[in-house]
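What follows is a short report on a single structure.
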Amino acid sequence: MGDRGGRRLPIALGVAISTTALAVGALVIDGRVAFLIVALLVYGIGTGVALPSMRAAALDLVPDQAVGRAAGVMSMSRYAGSIPATVLIALAVSDSGANAAAVLWIAVTVSVVSLLCASLLPGRDPAPATA
């Protein structure tokens with residue numbers, strides 16, 4: 001989808017799906033585990049729609065000879081961010097699930113910011129000039 005129509009649409013669509021799923025999860029987290037599982041499943045689908053185009057959009061900006069290094073830095077950065085975030089979530093959410101809704105609302109806020117950033121991406125790439 002990103003290769004055919006530009007990176008903005010799949011990123012915006014995927015982030016919108018994920019954001020909606022997080023908000024639904026935050027609203028239904030109290031005692032309704034099945035709804036939370038469905039919300040997280042939908043979140044994963046949205047992320048799966050958005051991430052390939054996010055990665056491609058970032059790597060499109062890198063010179064060809066540096067794409068491998070850039071991809072490695074992106075992967076390392078993802079892990080470097082996700083490990084402390086996971087620890088913070090584990091510290092914030094108790095075994096009883098207390099504070100889980102607050103963590104989900106923080107994720108919704110971050111997702112909305114991501115959606116705003118996605119709206120700044122260029123739409124479809126201009127058609128190549130013909131000679």
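Residues take their numbers from the sequence shown, with the count starting at 1. Keep in mind that the numbers below use all heavy atoms, side chains included, and drop hydrogens, waters and symmetry copies.
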Contacts of Ser111 meeting side-chain hydrogen bond (donor to acceptor under 3.5 Å, both in side chains) (sequence neighbours excluded), chain-then-number -> none
Output the distance between atom [atom1] ([X]) and atom [atom2] ([Y]), rounded to the nearest 0.5 Å.
{"X": "Leu88", "Y": "Ile83", "atom1": "CG", "atom2": "CD1", "value": "12.5 Å"}
{"X": "Asn99", "Y": "Ile106", "atom1": "CG", "atom2": "CD1", "value": "9.0 Å"}
{"X": "Leu22", "Y": "Thr19", "atom1": "CG", "atom2": "OG1", "value": "6.5 Å"}

Which pair of non-hydrogen atoms, one from [X] and one from [Y], has the smallest distance, and what is that distance?
{"X": "Val103", "Y": "Ala92", "value": "CG2-CB, 4.2 Å"}
{"X": "Pro84", "Y": "Ala80", "value": "CD-O, 2.9 Å"}
{"X": "Pro10", "Y": "Val49", "value": "O-CG1, 3.6 Å"}
{"X": "Gly14", "Y": "Ala50", "value": "CA-CB, 3.9 Å"}
{"X": "Val108", "Y": "Ala23", "value": "CG2-N, 3.5 Å"}

Find out whether Val15 and Val112 are in side-chain contact, i.e. whether some heavy atom of one side chain is under 4.5 Å from a heavy atom of the other. no
Under the criterion side-chain contact (heavy atoms from CB on, under 4.5 Å), which of Leu36, Leu27, Val28 is the partner of Leu104? Leu36
Measure from the side-chain N and O atoms of Ser53 to the backbone N and O of Ile11, and report whether any donor-acceptor pair falls under 3.5 Å. no
Trp105 vs Val110, side chain to side chain contact (heavy atoms under 4.5 Å, CB included): CA-CA, chis, key distance, verdict: CA-CA 9 Å; Trp105 283 118; Val110 171; over 6 Å; no
Would you mind listing the cluster partners of Leu61? Hydrophobic ones only (ILVMFWY), side-chain contacts under 4.5 Å, chaining allowed.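 Other cluster members: none.
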For Ala71, the side chain to side chain contact (heavy atoms under 4.5 Å, CB included) test, sequence neighbours excluded, returns Arg55, Leu59
